[in-house]
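What you are looking at is a predicted structure, and each value in this text was computed from that prediction instead of being measured. Note on naming: letters A, B, ... go to the chains in the order of the sequence lines (proteins, then strands), and numbering restarts at 1 for each one.
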Number of protein chains: 2
Amino acid sequence: MYCGAMARTKDPAVRSLLLDRAAQMLRTRQPVTLRTLVAGTGVSTMAVYTYFGGMDGLWKALRQEGFTRLATRLAAVKISADPVRDLAALGAAYLANALENPDLYRVMFDAGFDLEDAGAADETLHRLVRSIERAKASGRFRDEVDPLELATQSWTIGHGLASLVATGPLPHQTLAHGAPMLTALFTSAGDEPARCRQSVEQGWGRPPGAVADRRAVVRGDPA
Amino acid sequence: MYCGAMARTKDPAVRSLLLDRAAQMLRTRQPVTLRTLVAGTGVSTMAVYTYFGGMDGLWKALRQEGFTRLATRLAAVKISADPVRDLAALGAAYLANALENPDLYRVMFDAGFDLEDAGAADETLHRLVRSIERAKASGRFRDEVDPLELATQSWTIGHGLASLVATGPLPHQTLAHGAPMLTALFTSAGDEPARCRQSVEQGWGRPPGAVADRRAVVRGDPA
DNA sequence: CCACAATACATAGCAACGCTATGCTTTGAT
DNA sequence: ATCAAAGCATAGCGTTGCTATGTATTGTGG
C-alpha cells in the first residue's frame, strides 16, 4: 500500500495576515465580510476556507486572538508583595484591554464564547484565583473564602463594567466605579477596609481609560 | 388650498404580530431574517418597511420591547418597608427577566442599545435610585452615598452576571453570587453587615433561575 | 530522478440576504 | 363622488457566505 503524499504547505503568514486585517477592520469599524476581507490582500476568498473553514471559523479565531491579547496584557501585570493590590491591577488591566479593543472584546463574548483552545480563558481566570490564594495565605482574606467563587465575582464586576461601557450605555468615566466596587467585594472577603481601599486604589491606578467622554449617561444625547 | 388627504391607516395589530413573531423566533433560536419573519403571516416583506423602516428598525423595536418587558417585571416588585430588601428584589427581578428571555436580553445590549424612547431604560435605573434614596432616608446608607452612583454599581453587578450567564461562559448556578455581591456593595454603602445580608437574602430569594445546569464552568464541556 | 497524489488556491456560480422600485388597492377628507 | 395619499404585494438589484470546478504546486515513494 502507499502512504499519502504531501503537497503545498499552508503558509502561516497568510493566516495571520487575514487575522490582523480582520482585527484592524474591526477597529476601524469597516464591515468585515468575506470579500472585503480578502480585497487587496492578493489572496482569494478560498483562503478563508482553507485556513478557517469559513467565516464562522474566522470569528472563532478572532475570539481566540482576543483572549490571547488579554492573557498577554494580564501577564504584563507585575506581581507585588500586596496581593490585593495585584487583584485590582489585574482588574484594571482587564478593563484597559477591553477598552483598547472594544470591538474585539465584543466579538469575544457574543456567540457564546466557544473556543478551540480554552487555555487562554482558563489562564485568565486562574491568574485571579492565584492572587486570591496569596491574599488568603497572607491573612488578608478569610479562610472560608472560596478562591474560584471570589475570582468569578471579581470577573463579573470587570465584565459588567467593560460590557456596559464598551457597548454604549455607560460613559467611560464610569470605569472609576471599579475601585470602590472591588474594595467592597474584597472587604466582604475579610480584608480590613482602610487597608483594602489603599491597596485597591494603588492597583487600580488612574481609571484605565481616563479620557474625556463622548456619551451622556443613560438617556444618551442624540448625537 | 387643500390639506393632504388621508389614506389607509396602519394596523397596529400587524406591528405587534411581527414583533411577537420575531421575539418567538428569537426564543426558539430560528434565524430572524426579513423573509423568514414574514413567511406564513400573510403579510409581505414590505410590511417590515412600512412599520419599522427596515430590519434595523425591527431590531430597535425589539430592544424597546425588551426594555418594556423589563420595566413591567420590575414594576411587579412590591415595595416593602425594607429598602435594602427591595434593592435585592429588583436585582433578582432583573436577572430573572434576563434569563427568561436570554436572546431578547442579548439583543437589548448589542448595537449600543440605541432606543427611540429611552424612557423605559431610564425608569429602570431610576427605580433603583429611588430605593437607594429610601435606604438613605431610613439611615441604612451613609449620607455621602450618591444614589445614582450606587444604582449604577448595582446595575453593573446585575448586568455582569446576566451577561456572563446568558451568553454562555458561566453556569446558571453562578446567579447565586448575586446575593453576596450585593451584600458587599450595600455594606460598603454603610449598611450594617448582618442586617444587610438578611435583607438581601430575603429580597434575592431563591436564585432567579435555580435550575439544574447544562454547562461546565469555564472550560466548557465540548457538548 | 521523476511521476504521482494530495494539498493550496483562483474562478465562477448558487441560494439567501436586506433593500428599493413599481404598480395595484384601499381609504378618508373634500 | 373624487382623488391624492398611504398600505402593501411583486419583482428585481447588489451583496452576502459558501461550494463546485479547474489549475498550480510540492513532498515523497518507486
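The side chain of Tyr49(A) contributes an N or O atom lying less than 4.0 Å from OP1 or OP2 of dC18(D). Side-chain N/O atoms of Thr50(A) include none lying less than 4.0 angstrom from OP1 or OP2 on dA8(C). One finds a side-chain N or O of Tyr51(A) lying less than 4.0 angstrom from the OP1 or OP2 phosphate oxygen of dC9(C). OP1 or OP2 of dC17(C) lies within a sub-4.0 Å distance of a side-chain N or O belonging to Thr33(B).
Using a distance-only test at 3.5 Å, with no hydrogens or angles considered, no donor-acceptor pair links the side chain of Thr167(A) to the main chain of Arg106(A).
Listed nucleotides: dG13(C), dA9(D), dA11(D). Nearest to the side chain of Arg35(A): dG13(C). Side-chain proximity of Met55(A) to the nucleotides dA20(D), dG17(D), dT16(D) is greatest for dG17(D). Residue Ser44(B) places its side chain closer to dA9(D) than to any other of dA9(D), dC9(C), dT16(D). The side chain of Leu34(B) lies closest to dG18(C), out of dT11(C), dG18(C), dG17(D).
For the residue pair His177(B)/Thr152(A), the side-chain donor-acceptor check at 3.5 Å is not satisfied.
Here the side chains of Leu70(A) and Met108(A) are in contact, with some heavy-atom distance below 4.5 Å.
Atom P of nucleotide dC9(C) and atom CZ of Arg15(A) are separated by 13 Å, given to the nearest angstrom. Separating the CZ atom of Phe52(A) from the C1' atom of dC18(D) is a distance of 16 Å, rounded to the nearest angstrom. When the C1' atom of dC19(C) is taken as reference, atom CG of Leu58(B) falls 14 Å away, rounded to whole Å. When rounded to the nearest whole Å, the span between CE of Met46(B) and P of dG23(C) equals 14 Å.
Within 4.0 Å of Gly42(A), counting heavy atoms only, lie sugar-phosphate atoms of the nucleic acid but no base atom. Val43(B) comes within 4.0 angstrom of the backbone, heavy atoms only, and of no base.
Salt bridge absent: Arg27(B) and Glu100(B) never bring a charged side-chain N and a carboxylate O closer than 4.0 Å.
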